[in-house]
Undergrad: 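Have a look at this one.
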Amino acid sequence: STFPAKLWLLVNSPGVHSVRWDARGEGLFIDQALFEQELLGAGHGAAGEEELFKTKNFGSIIRQLNLYGFHKLTVSSASSTVGFRPRPVSAGGDTSSPDGPLHHFWNPHFRYDRPDLLVQIKRLTKANKEKLDAGLEVTSRLPDDFQ
């Protein structure tokens with residue numbers, strides 16, 4: 001399954017606490033310390049996934065987000081309102097402080113209510129960049145889980 005699809009499943013999983021929707025369901029918050037412990041740490045985390053990612057380095061996860069067109073947003077006291085699972089909360093929700101750095105990422109095709117948009121998220125490879133620069137369409141397909 002592709003990185004964006006894995007991320008979408010994680011943010012919607014009740015067993016994963018380190019990745020949450022923002023209040024509008026249009027971006028995600030990643031609690032770095034909890035993510036490292038829960039999903040990248042040795043042994044089993046709350047998700048029960050031992051090899052979900054092929055890295056133990058949080059920086060590699062950030063690189064993947066960047067390669068798939070996610071943009072880091074500034075976390076301010078107003079934007080740090082995090083959503084609950086399974087659906088986002090309205091403004092004024094949980095503002096509890098995380099254990100570590102809180103990262104806020106956004107991609108126009110990564111939304112709580114639109115798993116169908118995941119096919120629009122493309123990895124920015126050299127070949128894909130050349131296609132985009134030439135005005136060609138870069139295609140992708142949904143992982144089997146979403147078909």
Side-chain angles (χ1 to χ4, degrees), residues 1-86 88 94 96-147:
S1 154
T2 66
F3 181 80
K6 282 182 189 178
L7 199 56
W8 202 88
L9 291 171
L10 286 174
V11 75
N12 287 296
S13 169
V16 176
H17 304 288
S18 58
V19 183
R20 306 179 293 277
W21 288 109
D22 64 14
R24 295 174 56 187
E26 296 177 354
L28 66 146
F29 285 106
I30 301 175
D31 180 330
Q32 182 175 340
L34 191 54
F35 189 93
E36 288 172 339
Q37 175 188 350
E38 190 175 54
L39 300 169
L40 300 181
H44 15 295
E49 302 284 350
E50 303 214 14
E51 283 295 321
L52 187 61
F53 299 106
K54 295 177 182 171
T55 184
K56 301 286 183 205
N57 184 340
F58 188 75
S60 295
I61 300 299
I62 300 295
R63 269 192 299 285
Q64 287 297 306
L65 286 163
N66 292 330
L67 279 172
Y68 280 98
F70 284 82
H71 301 279
K72 187 168 185 177
L73 303 175
T74 303
V75 177
S76 67
S77 57
S79 74
S80 65
T81 303
V82 295
F84 293 100
R85 250 183 272 295
D94 178 16
S96 58
S97 75
D99 294 332
L102 188 65
H103 303 276
H104 190 191
F105 286 94
W106 175 83
N107 181 305
H109 304 296
F110 194 87
R111 294 187 33 183
Y112 168 75
D113 57 348
R114 297 291 308 273
D116 58 300
L117 293 178
L118 290 174
V119 295
Q120 301 296 321
I121 301 176
K122 314 290 191 275
R123 187 166 194 264
L124 192 57
T125 62
K126 185 179 178 189
N128 284 350
K129 186 171 179 351
E130 289 171 358
K131 285 181 185 177
L132 290 170
D133 289 346
L136 302 173
E137 185 178 347
V138 178
T139 56
S140 182
R141 70 176 189 83
L142 278 174
D144 295 334
D145 305 9
F146 292 93
Q147 292 182 358

Undergrad: Between His17 and Phe35 (judged by ring centroids, cut-off 6.0 Å), do the two rings come close enough to count as a pair?
TA: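 No, too far apart.
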Undergrad: Return the OG to CG distance between Ser60 and Leu65, rounded to the nearest 0.5 Å.
TA: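 So the OG of Ser60 and the CG of Leu65 are separated by 11.0 Å.
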Undergrad: Can you tell me if His103 and Lys72 form a side-chain donor-acceptor pair at under 3.5 Å?
TA: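 On atom types as modelled, these side chains qualify, holding a pair under 3.5 Å.
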Undergrad: With side chains defined as the heavy atoms from C-beta onward, is the minimum distance between Leu118 and Trp8 less than 4.5 Å?
TA: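 Result yes, sub-4.5 Å side-chain heavy-atom pair found.
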Undergrad: Asp31 versus Arg20: any side-chain heavy-atom pair under 4.5 Å?
TA: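 Yes; the side chains approach each other to less than 4.5 Å.
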Undergrad: Supply the atom-to-atom distance His104 NE2 to His71 NE2, rounded to the nearest 0.5 angstrom.
TA: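 One gets 12.5 Å once the value is rounded to the nearest 0.5 Å.
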Undergrad: May I have the step-by-step check of side-chain contact (heavy atoms from CB on, under 4.5 Å) for Ile61 and Thr55, ending in yes or no?
TA: CA-CA 8 Å; Ile61 300 299; Thr55 184; 3.9 Å; yes
Undergrad: To check you understand the geometry: which heavy-atom pair defines the closest contact between Arg114 and Asp116, and what is its length?
TA: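 Smallest interatomic distance, heavy atoms only, reads NH2-OD2, 2.8 Å.
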Undergrad: Would Val16 and Leu9 satisfy side-chain contact (heavy atoms from CB on, under 4.5 Å), going step by step from the backbone distance to the final call?
TA: CA-CA 10 Å; Val16 176; Leu9 291 171; over 6 Å; no
Undergrad: Using the benzene-type ring in the case of Trp, are the ring centres of Phe110 and Trp21 under 6.0 Å apart?
TA: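 Ring centroids of Phe110 and Trp21 are less than 6.0 Å from each other.
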Undergrad: Main chain of Ser18, side chain of Glu38: is a donor-acceptor contact present, judged purely on distance under 3.5 Å?
TA: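 Yes; at least one donor-acceptor contact below 3.5 Å.
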Undergrad: Grab the two heavy atoms, one from Arg111 and one from Leu117, that are nearest each other, plus how far apart they are.
TA: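 In this case the closest contact between Arg111 and Leu117 is CD-CD1, 4.4 Å.
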Undergrad: Could you tell me whether a side-chain N or O of Asn107 sits under 3.5 Å from a main-chain N or O of Tyr68, the two making a donor and an acceptor?
TA: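 Side chain of Asn107 to backbone of Tyr68: a pair is present.
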Undergrad: Any side-chain heavy atom of Leu73 sitting closer than 4.5 Å to one from Phe105?
TA: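 The answer is no, as the side chains (C-beta and beyond) never meet within the 4.5 Å cut-off.
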Undergrad: Has Lys56 got a side-chain atom pairing as donor or acceptor with Phe53's backbone, closer than 3.5 angstrom?
TA: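 No; zero donor-acceptor contacts below 3.5 Å.
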Undergrad: side-chain contact (heavy atoms from CB on, under 4.5 Å) for Tyr112 and Asn12? Distances and angles first, verdict last.
TA: CA-CA 8 Å; Tyr112 168 75; Asn12 287 296; 3.6 Å; yes
Undergrad: Any side-chain heavy atom of Ile30 sitting closer than 4.5 Å to one from Phe58?
TA: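 They are in contact (side-chain heavy atoms under 4.5 Å apart), so the answer is yes.
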Undergrad: Any Lys/Arg nitrogen of Arg24 or Asp22 sitting under 4.0 Å from an Asp/Glu carboxylate oxygen of the other?
TA: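 The answer is no: the pair does not qualify as a salt bridge.
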Undergrad: Any side-chain heavy atom of Phe3 sitting closer than 4.5 Å to one from Ile121?
TA: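 They are not in side-chain contact.
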Undergrad: List the atom of Asn57, the atom of Leu40, and the distance in Å for their closest heavy-atom pair.
TA: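 What the structure gives for the nearest pair is C-CD1, 3.9 Å.
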Undergrad: Would you give the length of the straight line joining atom CG of Leu7 to atom CZ of Phe70, rounded to the nearest 0.5 angstrom?
TA: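 With rounding to 0.5 Å, CG (Leu7) is 5.0 Å from CZ (Phe70).
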